[in-house]
Amino acid sequence: MYAKRVGLNLQKARLAKGYSQERVAYDAGLSKVQYQRLENGGFAGDPPSNPTIRTLMAVCQILGVRPDDVLPEPWPDLHAR
C-alpha cells in the first residue's frame with residue numbers, strides 16, 4: 001500500500017534526525033495521533049492516510065527532506081478513480 005511506504009519513508013527521515021514523533025507533530029502543527037497516522041499509513045479499520053499537501057510539506061520541512069524523498073515511485077495511478 002502506497003500510504004504505508006510514505007509512512008516508512010517519514011519514519012526513516014525522522015529517526016535519522018533523532019526526532020520523536022511528538023516533536024515532529026508539534027513543530028508541524030499536528031497532533032501526535034495525526035502524525036502517528038501518517039507514519040502508519042492509517043490505522044486498522046480506517047481508510048489509508050491522505051495528508052493535505054500543506055501537511056506533507058510541513059512535515060518534510062521539519063525533517064529536512066523534499067516531498068519527493070518521501071513519495072516513493074512508482075506513484076499510484078489515480079486516473080482510474
query: Going by distance alone, is a donor N or O of one side chain under 3.5 Å from an acceptor N or O of the other, for Y35 and E39?
result: yes
Pairs where residues 56-75 contributes a residue and the test salt bridge (charged side-chain N to carboxylate O under 4.0 Å, His left out) is met, not counting sequence neighbours: R66-D68
task: Can you run down the salt bridge (charged side-chain N to carboxylate O under 4.0 Å, His left out) pairs that involve residues 55-65, sequence neighbours left out, and say none if there aren't any?
output: none
Passing candidate, side-chain contact (heavy atoms from CB on, under 4.5 Å) with L10, options N40, L38, L15, V65: L38
- prompt: With sequence neighbours left out, what residues match R5 under side-chain hydrogen bond (donor to acceptor under 3.5 Å, both in side chains)?
  reply: none
field: side-chain hydrogen bond (donor to acceptor under 3.5 Å, both in side chains) against Q34, all qualifying residues, sequence neighbours excluded
entry: S31
message: According to salt bridge (charged side-chain N to carboxylate O under 4.0 Å, His left out), who are the partners of R23, at least two apart in sequence or on a separate chain?
response: D27
message: Distance check, rounded to the nearest 0.5 Å: K17 atom NZ versus L63 atom CG?
response: 8.0 Å
- prompt: Closest heavy-atom contact between V6 and P72?
  reply: CG2-CD, 3.7 Å
task: Please name the pair of heavy atoms, one in C60 and one in P67, separated by the smallest distance, quoted to 0.1 Å.
output: SG-CA, 3.7 Å
message: Within the 4.5 Å heavy-atom criterion, are V59 and L30 side-chain neighbours or not?
response: yes
message: Main chain of K32, side chain of Y26: is a donor-acceptor contact present, judged purely on distance under 3.5 Å?
response: no
Under 3.5 Å, side-chain donor or acceptor atoms of residues 51-58 against the rest of the protein: list the pairs with distances, not counting sequence neighbours.
from: T52; atom 1: OG1; to: T55; atom 2: N; distance (Å): 3.0
from: T52; atom 1: OG1; to: T55; atom 2: OG1; distance (Å): 3.0

